[in-house]
Visitor: 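Below are the C-alpha cells for one structure; questions will follow.
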Amino acid sequence: MSNKTGIIIRREYLERVKKKSFIITTILMPVLMLGMMCLPALLMNVNISDARRIGVIDNSGVIAPQLVDTDLAHYTRVDISPDSMYARTDYDGFVIINSDIVRNPSGVTLYTREASSMELEQSLNDNIADAIESERLKAIDMTNVRNILDSVRADVNMSTFRLTDEAGTSGTSSAISYAIGLIMSIVLYMFLLMYGQMVMTSIIEEKNNRVLELVVTSVKPTQLMMGKIIGVGLVAVTQLALWAVLMVVLSASVVPLFFSPEIAGEIAAYNSGSLDAATASIDIEGLQALSIIGNPAYIAGIFGYLLLFLVGGFLLYAALYAAIGSSVDNIQDGSQLQSFVIIPLIVGFIVSTTIAANPTSSLAVWLSMIPFTSPMVMMTRIPFGIPTWEIIVSLILLYLSFIAVVWFAAKVYRVGIFMHGKKPTVKQLIQWARYK
Amino acid sequence: MNILEVHNVSKHFTGHTALDDVSLNVPQGSVYGLLGPNGAGKTTLIRIINHITAPDSGHVLFDGHRLVEGDVASIGYLPEERGLYKKMKVGEQALFFAMLKGMSRKEATARLKEWFEKFDILDWWNKKVEELSKGMAQKVQFIVTVLHRPKLLIFDEPFSGFDPINANLLKEEILTLHREGATVIFSTHNMASVEALCDEITLINNSHNILSGNVAEIRNRLGGNRTAFTVSGDTAVVAEHLGNLGARFESSLLDNGDTRLLVTPATGATMRPIIEAVNSHLDIKSIEPAIPSMEEIFINTVKQNSQQ
C-alpha cells in the first residue's frame with residue numbers, strides 16, 4: 001500500500017473517530033442493546049393492571065371453593081341471579097358455572113365489563129379444568145389416586161450436547177444459538193448498511209464541494225477510493241472491537257458476580273456433563289444461557305468470526321456504495337441506484353430469521369456461500385456449530401468477490417467523480433468501467 | 001528545452017471526443033496560455049498531464065521522459081472547480097494536502113507557516129474551513145498548490161472569484177514563482193491576462209489544437225498588414241480610390257467625431273499608395289499598424305474553425 005493511501009486512510013479514520021457522535025454511539029449502543037434485551041423481562045415483572053374482581057355464580061357448588069386468586073383476578077362467590085349482575089358495578093366481571101359442570105365442562109360463561117385478556121381466560125380455564133379433574137377423581141373408587149397420578153407425572157428437561165471432533169462434547173442450546181445467531185445477523189446488517197452508506201454519502205459530499213478535484217491532483221482516484229473504504233472500515237472495526245472488549249469484560253467480570261457459589265458450581269457441573277437436573281436450583285435452559293454468557297472464550301470466538309465477515313462484507317458493499325456515490329450528484333439520486341445494493345442485504349438479513357430455525361438446510365448452506373448474503377447468513381449459522389471448512393470456503397468466496405467488485409468500482413469511480421448532471425444508468429456505469 | 005511535450009494525444013468518451021490528436025510543447029521557464037472555449041477539452045488535457053486520466057492514444061513527455069505517476073510531485077495544479085473539507089481545520093487540512101504531495105510533516109509545517117505569514121492568515125490555522133469566506137479558502141488552495149515548489153505550475157482560471165486586490169496579490173506571487181524558475185501554464189478564457197502574462201499559447205477548439213505559438217508572433221502574423229488611420233472628414237470620399245487599389249477597409253466613428261479607418265491592402269501590395277490616397281482626401285491624425293488583441297484572434301480563429 002502506498003504512503004499516499006496511508007495518508008488518506010489516516011484522515012478518513014481520524015475525522016470520524018474524533019467526532020463526538022462516534023464516541024457517544026460507541027458507548028451508548030451496548031447499553032441500549034442490553035436495555036432492549038432486558039426490557040421484555042422487566043415488563044413482565046411489572047404489574048401493569050390491577051387484579052380484576054370476578055364474581056362467581058356457581059350453580060354446581062363444587063368449583064367456586066377451588067378457584068385460586070391470582071395476580072390477574074380475585075374470585076368471590078356471589079349468590080345473585082344472572083339478570084342482576086348488570087347492576088353490580090362493584091365487580092369487573094362474572095363467571096357463571098352450570099350445575100352439571102363436572103359432566104359437561106363446556107358449561108362455563110365469562111362476562112366482563114372491559115375486554116378480558118387472553119392471560120385471564122387461560123388462567124381461569126386452567127383453574128376450572130383442575131377443579132373438574134379433581135372432582136372427577138373423587139368419583140373414582142380408589143384410594144390415593146391423586147398421589148399415584150402425581151408420582152407418574154414427568155417434567156422433561158432436555159440437555160443438549162454437540163458431538164465435536166475432539167471426541168468430547170460441548171453444551172449447546174438451540175435457543176441460545178438462535179438468539180446469538182440473530183443478534184450477529186442484526187449487527188452485521190446494521191454495520192454493512194450504516195458504514196456502507198457512510199462511504200457513499202461522504203463521496204457525494206466530496207464530489208459536490210469539489211474537494212475531490214483538489215485531492216486527485218496528488219492522489220490517484222483509485223487510491224483515494226481505497227483509502228476511504230479502508231478508513232471507514234477501520235472505524236467500523238474500531239467500534240466493533242470496543243463493543244467486543246466491553247462485552248468480554250462484562251462477561252468475565254460482571255456476570256459471575258451475579259452467580260451464587262451454588263449456581264457457579266452447577267454451571268461447572270453442567271459444562272462437564274455431570275449435572276443432575278433434578279437437584280438443580282434453576283432450570284437447564286437458564287443454566288445454559290448463563291454458561292454461555294459467562295464464557296469469555298466463546299464470546300471472543302464469535303466476535304472473531306464476526307470481525308472476519310464484517311470486514312469482508314463491508315469491503316464488498318462499500319466498494320459498490322463507492323461506485324454509486326461517485327456517479328451521482330446527490331443522495332436522492334444515490335438512493336435509487338442504492339436499491340441494487342440494499343436488496344441483497346435485506347434478503348440476507350430476512351432469510352437469517354428462517355435459517356436460524358433450520359441452520360443446516362440446503363438454502364442455509366447456499367446463501368451462506370453466496371458472497372452478498374454470506375456475511376449475515378453465515379453469522380446466523382456459526383453459533384449452531386458448523387464444519388470449519390464451510391466457514392473457510394465462504395470467507396474465501398467473499399474476499400475473492402470483493403477483489404472483483406473493487407476492480408469494477410474503481411473503474412466507475414475514476415470516471416464518475418468528474419461527471420456532473422444527469423444521473424447515469426447502470427448501462428452507462430458499465431461503459432465507464434470500459435474506459436481506458 | 002521543453003518541460004512538457006504532448007504528442008498526438010486523443011481521448012474519447014461515450015458520445016463525444018474530448019481530445020483529438022492534440023500536440024503541443026511548453027518551453028522550460030515560459031508562461032504558457034492554454035486557451036479555448038468551454039468544453040473544448042482543456043480540462044481533460046490538464047487531467048492527462050496530471051496523471052488523473054489516461055489518454056486513449058498518444059503520450060506525454062515531462063522533463064524529457066515519459067510522464068510517470070511520481071511526476072505529480074513536480075507539478076502543482078490548481079483546478080478551476082475546487083473545494084476544501086469543510087469540517088477540517090485550515091492548518092490540519094493544508095498539512096494533509098502537503099503530505100499527499102510527498103512532504104514530511106515537519107517540512108510542510110515550516111513552509112506552511114511561512115506562506116500563512118506572507119498572506120497574513122496565520123490566525124486561521126485552527127479555524128474550520130466552513131468559517132472562511134470563498135476568497136479566504138482560495139488563498140489556502142493556492143498555498144497548497146505551490147507549497148511543494150513544483151517545476152510546473154498549472155492554474156485553471158486562477159483569478160475567477162478573487163477580488164481585484166487579491167487577484168493582483170496572487171498574480172504577483174505566481175510571477176515571483178516564475179522568476180524563481182517555475183514554468184507556468186494558465187488555462188483560461190480571460191484574454192487580457194493572456195496578453196499581459198503569456199509568452200506562448202495554444203488555442204484548443206472542438207478537441208483540436210487550432211493555433212499554437214509565440215503571442216507576439218501570432219498577433220503580428222494574424223494581424224496581416226492592416227493599418228489603422230485616425231482621420232477627420234467623411235471617409236466615403238476615399239472608398240472609390242481604395243477600391244481601385246484592391247484594398248479592403250472598414251470605418252468606425254470615434255467618440256470625438258473622428259473616424260477610425262482600418263485598411264487591409266491587396267495581397268502583395270504596399271501601403272504607400274494607400275497612404276497617399278487617404279492623405280490627399282482626408283486629414284490624417286495618426287497612422288499605426290493594427291495588431292489584433294488576443295481576444296479578437298481567439299474569437300476569429302474559433303469562429304473560422306467552427307465553420308469548417
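Letters A, B, ... are given to chains in the order of the sequence lines, protein chains preceding strands, and every chain is numbered from 1.
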Visitor: Could you tell me which of B:Lys11, B:Lys86, B:Lys87 has the largest number of non-hydrogen atom pairs under 4.5 Å with chain A?
Guide: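 Result: the option with the highest number of such pairs is B:Lys86.
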Visitor: Under 6.0 Å from the CZ atom of B:Arg111, do we count more than 12 heavy atoms belonging to anything else shown?
Guide: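 Yes, enclosed.
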Visitor: Should we count NZ of B:Lys89 as having more than 12 external heavy atoms under 6.0 Å?
Guide: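 Open: at most 12 neighbouring heavy atoms sit under 6.0 Å from NZ of B:Lys89.
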Visitor: Measure distances from A:Lys207 to the heavy atoms of chain B and classify the residue's part below 4.5 Å as side chain, backbone, both or neither.
Guide: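 A:Lys207 has no heavy atom closer than 4.5 Å to chain B.
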Visitor: Can you tell which part of A:Arg10 gets under 4.5 Å to a heavy atom of chain B, answering side chain, backbone, both or neither?
Guide: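 The answer is the side chain of A:Arg10.
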Visitor: I need the B:Met99 CE to A:Arg11 CZ distance, nearest 0.5 Å.
Guide: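 Those atoms lie 13.0 Å apart.
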Visitor: For residues B:Lys101 and A:Thr217, report the shortest heavy-atom separation together with the two atoms involved.
Guide: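 It is NZ-O, 3.4 Å.
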Visitor: Side chain, backbone, both or neither: which part of B:Glu69 has an atom under 4.5 Å from a heavy atom of chain A?
Guide: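 Just the side chain, heavy atoms under 4.5 Å.
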Visitor: For A:Leu214 and B:Gly83, which heavy atoms make the closest approach, and how far apart are they?
Guide: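 Closest heavy-atom pair between A:Leu214 and B:Gly83: CD2-O, 3.6 Å.
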Visitor: Answer with side chain, backbone, both or neither: which region of A:Val219 has an atom nearer than 4.5 Å to a non-hydrogen atom of chain B?
Guide: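 Looking at A:Val219, just its side chain touches chain B.
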Visitor: Assess whether a salt bridge exists between B:Arg47 and A:Glu213, defined as any Lys/Arg side-chain N lying under 4.0 Å from an Asp/Glu carboxylate O.
Guide: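 So B:Arg47 pairs with A:Glu213 through a salt bridge.
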Visitor: Around B:Asp123, counting heavy atoms of other residues, nucleotides and ligands shown, do more than 12 lie under 6.0 Å from its CG?
Guide: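 Yes.
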Visitor: Do B:Tyr85 and A:Glu206 make a side-chain contact, defined as non-hydrogen atoms from C-beta onward lying under 4.5 Å apart?
Guide: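 They are in contact (side-chain heavy atoms under 4.5 Å apart), so the answer is yes.
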Visitor: With only heavy atoms counted, which part of A:Val215 is less than 4.5 Å from chain B, the side chain, the backbone, both or neither?
Guide: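 Contact with chain B is through both the backbone and side chain of A:Val215.
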Visitor: Kindly give the heavy-atom pair with the smallest separation between A:Lys4 and B:Leu100, and that separation in Å.
Guide: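 Shortest heavy-atom contact: CE-O, 3.1 Å.
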Visitor: Testing the basics here: between A:Val211 and B:Phe97, what is the closest heavy-atom pair and its distance to 0.1 Å?
Guide: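 Heavy atoms only, the tightest pair is CG2-CZ, 4.0 Å.
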Visitor: Please flag which part of A:Ile8 lies under 4.5 Å from any non-hydrogen atom of chain B: side chain, backbone, both or neither.
Guide: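 For A:Ile8, the contact with chain B is made by backbone and side chain together.
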Visitor: Below 4.5 Å, heavy atoms only, C-beta onward: do B:Asp56 and A:Tyr435 meet side chain to side chain?
Guide: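 With C-beta onward as the side chain, the pair stays apart.
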Visitor: Are B:Glu92 and A:Glu15 close enough that some pair of their side-chain heavy atoms sits under 4.5 Å apart?
Guide: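 When only atoms from C-beta onward are counted, A:Glu15 and B:Glu92 do touch, with a gap below 4.5 Å.
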Visitor: Going from NZ on A:Lys220 to CD1 on B:Ile52, what distance comes out if it is rounded to the nearest 0.5 angstrom?
Guide: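 Here the interatomic distance stands at 9.5 Å.
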